[in-house]
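Report on the structure given below.
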Amino acid sequence: MTKNIPKAYEPAEAEKKWYTWWEKQGLFQAHPGSGKAAYSIVLPPPNVTGSLHMGHALNITLQDIIIRWKRMQGFDVLWLPGTDHAGIATQNVVERHLAEQGKKRTDLGREKFEQIVWQWKEKAETDILNQIRRLGCSCDWSRNRFTFDDGLSRAVREVFVRLYQDGLIYRGEYLVNWCPRCTTAISDLEVEYEPTQGKLWHIKYPLKGSSDFVVVATTRPETMLGDTAVAVHPEDERYTHLTGRTVILPLMEREIRIITDDFVDRKFGTGVVKVTPGHDPYDFEVGQRQQLPIVKVIGEDGRMTEAAGRYAKMDRYEARKGVVADLEKQGLLMKVEDHSHNVGHCQRCETVVEPLVSTQWFAKVKPLAEAAIRAVKEKQTVFVPENYEKIYFEWMHNIHDWCISRQLWWGHRIPAWYCPDCGEITVAQEAPEICSHCESRSLEQESDVLDTWFSSALWPFSTMGWPDQTKDLQVYYSTNTLVTASDIIFFWVARMMMMGLRFMGEVPFRTVYFNGMVRDEHGQKMTKSRGNVIDPLEIMDEYGTDAMRFTLAAMAVPGTNIPFSVSRMAGYRHFCNKIWNAARFLLLNLEHEEPVTEEEIDELWREENRLEVEERWMLSRLQKIISDTNENFEKFRFHEASNQLYHFFWHEFCDWFIELAKVNITSHDVRKQRRASRVTAYLLETCLKLLHPFIPFITEELWQQLPHLGDSLMIAPYPVAHQEWVDLAVEKQMGGLQELISAVRTARAENNIDPRKRVPLQLLCNDEHQSFLQSQLHHLKNLAQLDQVEFVSNLERGGIRVQGVSRMAEFSLILDEVIDVGAERQRLIRQINRFETSVQQLQEKLQNTEFLHKAPEQVVADARKRYEEVVEQLRKLKEKLNGLSRP
RNA sequence: GGGCGGUUAGCUCAGCUGGAAGAGCGCCUCCCUUACAAGGAGGAGGUCACUGGUUCGAGCCCAGUACCGCCCA
């Protein structure tokens with residue numbers, strides 16, 4: 001047969017070809033009316049801020065692996081894709097972009113700015129979706145969604161209105177985290193703390209009507225301008241005499257009281273603390289408890305307010321300097337110490353966050369959290385790895401109200417309208433014509449938008465058409481699995497749990513698999529400044545998508561980060577090439593055109609002597625790998641599944657099976673050739689099926705070239721193990737043969753015998769082994785490069801010999817040229833040393849009566865058997881060594 | 001301050017229910033044998049961080065110590 005198959009796999013063309021074809025054939029589509037069991041995953045929507053990174057590549061690959069596996073298992077799968085409008089992040093990216101052109105959003109106005117962001121979104125979304133396609137992902141593109149599209153926006157309004165009506169959303173003036181650069185409130189989660197080397201200023205606050213004073217310690221002296229009290233611990237005996245007295249706030253000359261409160265840490269500073277309810281979360285709480293006035297001295301722009309007196313309009317850090325200098329001048333600065341403390345930064349722009357009092361919208365999530373905790377406790381949703389449960393519970397139990405309003409332009413505008421006439425608020429899904437309280441017609445909509453995570457929280461059901469009762473919701477909700485990065489467990493997973501339970505009455509997903517973070521090969525975070533960022537597109541171009549996917553899967557150990565190694569990926573590109581060439585060999589020798597069925601193989605299996613030993617062995621081993629792979633998938637052990645398949649394909653199927661089967665596959669005996677190539681085709685096809693979820697392109701490309709049933713490997717049935725094809729006896733026999741061949745090869749290599757030279761061999765073994773080896777002589781000769789093989793009752797000692805031992809037989813290689821006796825001696829001594837260690841260990845074990853009594857029978861029996869074998873081999877090796885000394 | 005994870009070959013990491021220490025890359029020797037040199041055959045290299053405990057048996061379980069990393073406050 002003349003076939004022209006390239007020697008190396010070229011991914012680029014195959015990837016493009018098959019992806020387009022799969023999509024065109026509609027193979028990615030879900031069929032809710034099919035009546036088949038459903039399996040669904042919603043894609044964590046990437047932000048439309050830019051392009052995908054390795055973290056996305058990992059996350060998306062793992063989902064595709066699961067989805068392809070389930071699809072092949074016959075499920076009606078839905079993998080629903082989409083993107084996230086990512087409010088603050090996208091607004092910032094676009095603003096930076098505008099800044100490069102010397103423009104500001106405020107110059108453009110809200111409407112114009114929104115238009116520009118939409119344009120940005122269109123471009124970014126297209127890029128992202130194409131990147132997902134490049135990864136080979138089999139998402140149902142007909143259901144692609146966007147968190148800010150009409151349907152999802154409607155769901156957002158519905159949820160907002162219902163939570164408001166249920167009293168779970170309220171508006172009020174509280175202390176929030178404020179980013180002076182983004183000029184918006186942000187939630188607690190959006191603040192990132194960094195240990196910072198700062199100072200601790202000790203300031204004297206004079207007591208009213210006395211020359212005495214108290215000393216307070218603070219890390220933020222500028223906030224003293226807003227102090228409305230000084231506090232000590234109620235049980236702090238150093239200060240009991242001061243309770244209730246008044247101090248004069250320096251610089252402001254304001255009279256403030258000395259109060260007591262449990263929150264004071266007696267060990268911090270002097271044990272006397274200033275209380276600034278307007279700019280510190282703890283102080284705010286004290287202020288609420290003790291009804292202290294709030295003085296807001298720092299404004300939304302990070303500059304001091306009028307309330308800061310002569311510091312007004314100064315930047316907060318300028319003000320700090322000024323305050324310190326003035327205190328010093330007045331002799332009120334007692335001392336300054338170095339002090340390390342955590343400073344909160346805006347997650348999106350790294351500006352130091354300012355806690356300040358502001359009117360915002362909040363969601364009361366505690367009641368929702370209770371149901372979400374229960375659901376995980378009851379295992380309605382299972383976390384993989386399990387230890388994320390703890391992290392989740394910890395956060396959920398201590399959950400605080402969620403600040404959901406943002407002073408941004410890009411996002412879902414809060415569906416609340418203010419009435420200037422009566423001052424009341426109307427909250428509604430659609431813009432109301434009149435005020436629901438006074439029927440005034442001059443309503444104004446809230447200008448704030450919602451936290452972007454508010455809409456993400458609805459993703460599992462809003463994407464399926466909620467609040468309408470759709471077929472998709474009915475069939476695919478709850479989704480089966482969520483695959484997500486662990487760093488958004490609170491931002492996203494926890495909130496989806498709460499919203500899903502609240503509005504759907506069911507958990508949003510049955511399993512949450514947390515994937516690790518992709519790091520560089522030394523475990524370092526990939527950052528632009530380190531210059532170690534790997535772009536998935538670039539490496540897909542260079543190594544192929546399949547190689548990248550396989551690498552990610554092979555390294556995806558649950559609960560660990562992934563130190564992505566390019567050299568390792570190169571290894572997996574070689575693996576792809578290995579698959580290519582194994583298939584190439586078979587295809588070049590394949591004479592039949594009809595697909596091979598399981599029935600056909602089963603028939604051969606049942607018939608006595610129809611299959612060669614290596615065929616029975618390989619089929620038997622295949623069953624083990626099939627059941628292991630399915631089991632590993634069930635447990636999300638992708639690294640185990642991929643590593644096992646790698647080893648099986650390369651080191652069992654290629655290194656041994658194909659080498660053994662070669663004779664028959666290339667035989668001129670048509671009957672033999674045909675059977676061998678059909679069995680091999682079956683084995684190869686099964687391997688391609690097993691590997692398809694990991695490496696979809698190369699497997700489809702090769703499968704299409706094999707005679708096959710069905711249109712695409714994508715929808716071929718995933719292999720299921722046949723227990724009746726497991727033949728442990730034949731596995732043992734093959735093991736013996738392999739060991740003997742390896743022993744001969746080692747003996748040859750260590751004696752530098754020309755690998756091409758065929759050498760005669762003598763074998764000494766028992767009758768049972770002899771009859772087996774006799775039947776496998778052709779294999780022995782081929783794989784160990786042997787000439788004549790002779791069974792003897794005594795190994796000849798004369799002449800030039802290299803001798804060796806395996807479990808099945810002793811052997812002697814008969815050479816006609818001088819060997820390196822010294823090297824051979826060394827080799828034997830090394831082997832003897834190894835065996836002696838084993839003998840010693842086993843001896844100790846077997847002399848231990850406790851072991852004999854308490855260990856399971858099987859373990860003891862195994863140890864005994866192994867001991868006998870090892871002792872026997874050791875004896876033989878020693879004999880060889882002695883023989884070697886003789887001339 | 002509280003919690004979690006890690007420490008196994010030169011490097012990066014596996015090791016799932018405790019029962020003969022593994023992979024990839026790198027290194028050494030030989031071989032371009034008509035599937036594959038992106039290949040084949042063989043080889044070197046490990047007190048599984050430390051201390052104690054449980055067990056017939058510990059890389060794996062328990063306690064403590066040291067160092068590294070992450071999360072929360």
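Every heavy atom of this structure was used, including side-chain atoms; hydrogens, water molecules and symmetry mates were not. Protein chains get the first letters and strands the later ones, always in sequence-line order, with residue 1 at the start of each. Being a predicted model, the structure only gives us computed values, none of them experimental.
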Report summary line: Rounded to whole Å, OH of A:Y543 lies from P of B:C25 at a distance of 13 Å
Query raised in the report: Using a cut-off of 4.0 Å on non-hydrogen atoms, how would the nucleic acid contact of A:H853 be classed: base, sugar-phosphate, or nothing?
Result: nothing
Query raised in the report: Base, sugar-phosphate, or nothing: which does A:V859 touch, judged by heavy atoms less than 4.0 Å apart?
Result: base
Query raised in the report: Tell me: CZ of A:R756 to P of B:U33, nearest whole Å?
Result: 8 Å
Requested in this report: Identify, between A:T666 and A:F490, the residue whose nearest nucleotide on RNA chain B lies closer to the 5' end.
Outcome: A:T666
Query raised in the report: What does A:S565 touch in the nucleic acid at a heavy-atom separation under 4.0 angstrom: a base, only the sugar-phosphate, or nothing?
Result: nothing
Query - cation_pi(A:K377, A:F393) dist<6.0 Å, angle<=45 - result: yes
Query raised in the report: Which part of the nucleic acid does A:Y646 contact within heavy-atom distance under 4.0 Å: base, sugar-phosphate only, or nothing?
Result: sugar-phosphate
Query raised in the report: A:R745 near the nucleic acid: base, sugar-phosphate alone, or nothing, with a heavy-atom cut-off under 4.0 Å?
Result: sugar-phosphate
Query raised in the report: With a non-hydrogen cut-off below 4.0 angstrom, is A:K390 in contact with a base, only sugar-phosphate, or nothing?
Result: sugar-phosphate
Query raised in the report: Is the base of B:A38 touched by the side chain of A:K578 through a donor-acceptor pair closer than 3.5 angstrom?
Result: no
Requested in this report: Describe the nucleic acid contact of A:E750 in one word from base, sugar-phosphate, nothing, applying a heavy-atom distance below 4.0 Å.
Outcome: sugar-phosphate
Query raised in the report: Any donor-acceptor pair under 3.5 Å joining the side chain of A:R637 to the base of B:C16?
Result: yes
Query - Sugar-phosphate only, base, or nothing, as touched by A:D655 at under 4.0 Å among non-hydrogen atoms - result: sugar-phosphate
Query - Sugar-phosphate, base or nothing in reach of A:F550, heavy atoms under 4.0 Å - result: nothing
Report summary line: From CD of A:E394 across to P of B:G3 the rounded distance in Å is 9 Å
Query raised in the report: Can the positive tip of A:R621 be found less than 6.0 Å from the middle of the six-membered ring of A:W656, inside 45° of the ring normal?
Result: no
Query raised in the report: So what does A:N643 touch, heavy atoms closer than 4.0 Å: a base, only the sugar-phosphate, or nothing?
Result: nothing
Requested in this report: Pick base, sugar-phosphate or nothing for A:C654, based on heavy-atom distances below 4.0 Å to the nucleic acid.
Outcome: base
Report summary line: Pairing string of RNA chain B (Watson-Crick or G-U wobble, both atom distances under 3.5 Å; | = paired to other strand) is (((((((..((((.....[..)))).(((((.......))))).....(((((..]....)))))))))))).
Query raised in the report: Is there a donor and acceptor pair, one atom on the side chain of A:E659 and one on the base of B:A35, closer than 3.5 Å?
Result: yes
Query raised in the report: If you measure from the C1' atom in B:C71 to the same atom in B:G10, how many Å do you get, rounded?
Result: 33 Å
Query raised in the report: If you look at every strand shown and take non-hydrogen atoms under 4.0 Å, does A:T560 touch a base, only sugar-phosphate, or nothing?
Result: sugar-phosphate
Requested in this report: Could you check whether A:R834 gets within reach of a base, just the sugar-phosphate, or nothing at all, counting any heavy atom under 4.0 Å?
Outcome: sugar-phosphate
Query raised in the report: Once you round it to whole Å, what is the distance between C1' of B:G5 and CG of A:D487?
Result: 16 Å
